[in-house]
Amino acid sequence: MAYNLTEAQINEIVSRVVSEFKSAPKAPAAAKDWDATQYKGRKLIGVYETMEEAIEVANAGYKAVRSMSVADREKIITAIRNLCRAEAPIMAEIGVAETKMGRVDHKTAKHNLVADKTPGTEDIVEEAKTGDNGLTLTEMAPFGVVGAITPSTNPSETVICNSIGMIAAGNGVVFNPHPGAIATSNYAVDLVNRAVYSAGGPKVLVASVVKPTLDTANVMYKHPSIKLLVCTGGPGVVKAVLSSGKKAIGAGAGNPPVIVDDTADIDKAAKDIIDGCTFDNNLPCIAEKEVFVFENVADRLIAGMQKNGCILLTRAQADELAKVVLVEKAGKDGKVKKIVNRDCVGRDCRVILEKIGIKVGPEIRCAIAEVPFEHDFVQEELMMPILGIVRVKNIDEAIDLAVKAEHGNRHTAHMHSKNIDNLTAFARAVETTIFVKNAPSYAGIGFGGEGHTTFTIAGPTGEGITSARSFTRKRRCVMVDSFRII
Ligand code: NAD
């Protein structure tokens with residue numbers, strides 16, 4: 001097949017290939033190459049010693065963006081997308097090296113998803129209402145500077161996804177990232193600033209701190225320049241942010257159940273569940289965490305999972321593993337609680353199983369076990385490639401137990417079925433922000449499913465699959481008796 005390219009088209013292709021080659025990572029980042037302040041000796045842009053300084057600079061950035069057009073903002077968003085795609089492997093590698101969680105290939109895919117499917121300025125829409133009394137406009141305005149708390153599980157993905165949405169809405173951003181992922185998060189802050197500046201924006205529009213703590217978070221909550229708080233994390237931090245007295249968006253914990261009934265395509269269900277459950281070693285809050293399967297198809301489902309890279313543990317092995325992946329800790333109230341063992345969260349299945357003396361090869365990506373409903377593998381949000389499976393008699397029992405296992409988070413649930421009555425009944429009962437039918441969990445954030453992506457799923461405060469418009473405040477402008485042309 002022959003193509004007739006013009007010289008200009010050829011030059012454009014050559015310059016794009018050269019620039020992609022230049023920005024591609026040459027070798028995996030060694031530990032000395034990165035920390036909270038530098039990458040390969042280059043100082044990260046937008047990272048400050050104190051939270052006060054970070055807020056001041058982000059506020060100046062926000063004021064600079066206010067004088068830019070929406071088209072200019074969109075140029076900034078395009079630059080962020082391009083740089084995110086080019087440097088996705090770098091962030092994936094630093095992310096895994098720093099947090100010891102997740103997988104480089106899956107983290108790279110997550111960054112590409114953020115670059116491709118996070119909405120930009122097109123998400124900001126205006127309303128005009130005309131009538132006998134003239135014209136009223138409602139516009140989506142920025143809040144100003146947003147204070148954002150980000151997790152260790154999707155650190156740079158969340159920083160970039162939040163930045164795209166918050167900047168598209170016209171805001172500046174200050175991050176208080178998870179201390180365990182500070183180098184990865186601050187690399188993403190630097191990346192966003194490099195993109196903003198290259199597209200004609202201010203030198204710093206998103207800022208962070210060298211050492212995020214609960215104290216720096218408290219400064220953020222109280223600072224008068226922070227007009228909106230956005231928190232992506234577990235129950236403790238979401239509660240703290242929602243108690244701050246400021247407008248807040250809370251994206252909290254989940255424990256997504258999966259129901260498989262006897263009308264489902266069982267082989268496909270087995271593969272889909274394991275693909276979703278093992279994505280980035282189960283770190284995404286939407287990932288499958290426990291399964292309720294009809295007893296007449298349970299053996300086939302388990303066999304299908306074994307064909308898809310799972311090891312089936314005995315009940316004794318499951319109980320032994322539960323004692324390793326959860327540890328007991330006394331809370332502030334003196335009560336002893338089970339919490340996840342951070343040495344197991346997001347680790348490869350092989351590494352977790354070694355802790356109880358089971359040796360498997362890298363082809364084993366998930367440990368499954370038949371357990372009763374009360375078992376830790378069902379009740380706890382483990383965030384590791386371990387899946388508890390509970391046999392149920394019928395749809396009523398499946399829904400009853402799955403709703404209980406979701407613990408009222410109203411976050412995410414999944415179902416494999418061809419029975420629309422069953423699908424509808426579970427969706428109604430569980431009331432989650434995301435409900436995925438007949439697909440891996442990640443379809444719910446636009447990966448192989450329709451719809452935009454986000455890494456901040458705001459169930460508790462109701463914004464849902466957040467996007468630029470979630471970070472705006474509505475303002476109305478009224479003109480009486482004019483501007484109507486009929
Ligand atoms: P985490 O809750 O341990 O930490 C989140 C952030 O909050 C960190 O920066 C941490 O240092 C900080 N923090 C904790 N307590 C705080 C407090 N009282 N005040 C201020 N800051 C505080 O979260 P993690 O382990 O990194 O992430 C996993 C949890 O987050 C899981 O429960 C997961 O389901 C949830 N999560 C939810 C979403 C969502 O979109 N809904 C996305 C990712 C993760």
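Whatever order the structure lists ligands and atoms in, that order sets their numbers, starting from 1. These numbers were taken from a predicted model, which means no experiment stands behind them.
Judged by a 6.0 Å distance limit and a 45° cone about the ring axis, R194 is positioned over the six-membered ring of Y187.
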Are there any N/O pairs under 3.5 Å between ligand 1 and the protein, and if so, what are their distances?
| from | atom 1 | to | atom 2 | distance (Å) |
| --- | --- | --- | --- | --- |
| ligand 1 | 2 (O) | G234 | N | 2.7 |
| ligand 1 | 9 (O) | T150 | O | 3.4 |
| ligand 1 | 9 (O) | H178 | N | 3.2 |
| ligand 1 | 19 (N) | Y221 | OH | 3.3 |
| ligand 1 | 25 (O) | R342 | NH1 | 3.4 |
| ligand 1 | 25 (O) | R342 | NH2 | 2.6 |
| ligand 1 | 26 (O) | S152 | N | 2.6 |
| ligand 1 | 26 (O) | S152 | OG | 2.8 |
| ligand 1 | 30 (O) | G233 | O | 3.3 |
| ligand 1 | 30 (O) | G234 | N | 3.2 |
| ligand 1 | 32 (O) | E381 | OE1 | 2.8 |
| ligand 1 | 34 (O) | E381 | OE2 | 2.5 |
| ligand 1 | 40 (O) | F455 | O | 3.4 |
| ligand 1 | 40 (O) | I457 | N | 2.7 |
| ligand 1 | 41 (N) | G252 | N | 3.4 |
| ligand 1 | 41 (N) | G252 | O | 2.8 |
| ligand 1 | 41 (N) | H411 | NE2 | 3.2 |
| ligand 1 | 41 (N) | I457 | O | 3.0 |

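Electrostatic pairing of K247 and E463 counts as a salt bridge here, judged by a charged N lying under 4.0 Å from a carboxylate O.
Residues N422 and S417 have side chains that never bring a donor and an acceptor to within less than 3.5 angstrom of each other.
Panel note: side chain Q38, backbone K40; a donor-acceptor pair is recorded below 3.5 Å.
At least one side-chain heavy atom of K289 sits less than 4.5 Å from a side-chain heavy atom of M383.
Classified by interplanar angle (parallel below 30°, tilted 30° to 60°, perpendicular above 60°), the ring pair F373/F292 is tilted.
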